[in-house]
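Taking it in order: structure first as structure tokens, then the write-up.
Just so you know, these numbers come straight off a predicted model, no measurement behind them. Counting convention: from 1, in listed order, for ligands and their atoms alike.
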Amino acid sequence: MNTSRSARPRRLLAAFCAGITAVAALLIAGTTAAHAADTPLRDLAAAHGMVMGTAVTGSKLTGTYGDLAGAQFSALTPGNAMKWGSVEPTQGSFNWAEADQIVAFAQAHDQQVRGHTLVWHSQNPSWLTNGTWTSAQLSTLLQNHISTEVGRYQGKIAAWDVVNEPFNEDGTYRSTLWYDGLGADYIANALTWARAADPAAKLYINDYNVEGVNAKSTALYDLVRSLKARGVPIDGVGLQAHLILGQVPATLQQNIQRFADLGVDVAITELDVRMALPADSAKLAQQAADYRAVTAACVAVARCVNLTVWGFTDSDSWVDSTFPGYGAATPYDADYAPKPAYYAISEGLGGGTTTPPTGACTATYAVSSQWGSGFTGQVTVSCAGASLSSWNAHWTFGAGQQLTQAWNATCTQSGTAVSCANASYNGSVPDGGSVSFGFNGTWSGSNPVPAVTFAS
Ligand code: G2I
């Protein structure tokens with residue numbers, strides 16, 4: 001459950017059986033290589049003693065989102081659910097529902113949970129930020145918050161982002177409720193209180209723009225060194241890695257290494273690579289190179305124990321609303337089709353022959369929901385470096401499934417053979433674009449994902 005405090009063991013972890021994914025991505029134009037059997041990222045990471053993580057939204061953990069979150073990742077970070085404003089919106093009145101749900105999902109899928117985050121200047125409840133507190137009151141509030149939240153999940157959290165974003169870009173301390181009220185020692189105190197509440201959890205300081213060697217990362221480095229010298233419990237640093245296309249810092253690996261050399265673990269905690277929209281094949285290829293570079297830098301340093309993306313699908317990313325005109329920052333598109341970035345992470349983790357050749361269109365078949373005897377499925381046709389003017393997707397239902405209804409395509413089933421032709425309005429798939437169609441069907445016993453073949 002816990003990451004190793006010393007260098008991670010470079011051994012193959014047993015479980016190459018991370019559960020059943022109800023998603024298969026298949027190459028349907030260009031060449032005939034199939035991708036359905038790609039090794040999940042979590043298994044590739046395990047071979048390096050790493051975990052592969054994603055931020056998640058609890059309410060979305062069903063259907064294809066839940067299937068992918070469970071199958072591909074070995075660590076989950078609640079994107080918002082464990083922040084103070086989420087868990088204690090009214091003083092003394094707690095809401096743990098989403099956090100509990102994510103922890104339960106993680107336990108059911110043999111995943112770590114990364115707790116995020118205990119002490120931050122943002123997403124605090126208004127009763128806290130609007131209050132007037134003496135420094136003694138503020139200190140008590142913070143200690144109680146940490147004891148309550150860390151204590152609630154004691155034994156269930158592999159690592160906590162105890163303190164989030166304490167620095168300014170120039171390496172000075174950020175002026176916050178905590179720094180202004182308690183001085184710089186709020187950091188040491190928070191770590192000490194967290195250790196007391198869960199001695200087994202790894203304790204991290206997490207920040208952004210600290211991926212390369214710069215003034216901010218050097219301030220973090222100096223802080224970690226001094227905390228260790230003082231005997232304050234600190235186990236790791238989190239490099240958020242909210243990156244811009246083509247801007248992976250050249251000193252990333254060197255920076256990871258210098259923290260490791262201090263005797264702490266390193267986690268890439270919030271990786272995403274945003275681009276100006278619309279995405280096209282050149283941008284997606286650059287993004288893949290960026291993801292590959294970050295993955296490789298983490299793999300290269302034994303103490304880099306966790307590679308976490310901040311949302312795995314473009315439909316669940318903070319980027320689009322925060323940076324209007326930018327997006328497409330994650331490894332899967334909004335229809336859950338793996339992007340070149342997904343294959344790049346896989347390659348960076350040592351996965352073989354997974355990169356789709358340039359100039360290919362792919363189809364992703366997903367079971368989006370399933371109940372008693374029925375299910376809803378979706379197929380997404382995506383192109384990168386190629387385009388289509390019409391398409392026809394075929395598969396065989398090998399377990400007695402029967403199509404009952406389809407939309408955004410004209411589908412027929414004859415015996416076990418299904419054939420779906422584009423509708424009049426979605427035959428054209430541009431380079432960098434995708435189209436989807438959906439269907440309902442019946443099943444019994446099992447509902448395996450079929451291999452889709454394709455004719456344009
Ligand atoms: O801002 C990106 C990340 C930077 N590092 C710390 C992370 O905790 C932070 O995550 C983001 C979440 O991904 C967003 O989802 O933190 C944002 C807040 O600073 C989150 O955005 C908030 C929206 O601002 C709220 O309007 C919304 O109610 O998400 C909330 C829940 O959906």
Checklist entry - What pairs of residues pass the salt bridge (charged side-chain N to carboxylate O under 4.0 Å, His left out) test when at least one of them lies in residues 209-222, not counting sequence neighbours? => result Glu169-Lys216, Asp207-Lys216, Asp222-Arg225
Can a side-chain donor-acceptor contact be found between [Y] and [X] if the only test is distance below 3.5 angstrom?
X: Asp161; Y: Trp120; value: no
X: Asn206; Y: Asn164; value: yes
X: Asn255; Y: Tyr221; value: no

Checklist entry - How would you list, by chain and number, every residue that makes a side-chain hydrogen bond (donor to acceptor under 3.5 Å, both in side chains) with Asp185, sequence neighbours excluded? => result Arg230
Checklist entry - Listed by chain and number, what are the side-chain hydrogen bond (donor to acceptor under 3.5 Å, both in side chains) partners of Thr218, not counting sequence neighbours? => result Arg258
Checklist outcome for this item: Per the under 4.0 Å non-hydrogen criterion, ligand 1 touches Asn80, Lys83, His116, Trp120, Ser122, Gln123, Asn164, Glu165, Gln240, His242, Glu270, Trp310, Trp318
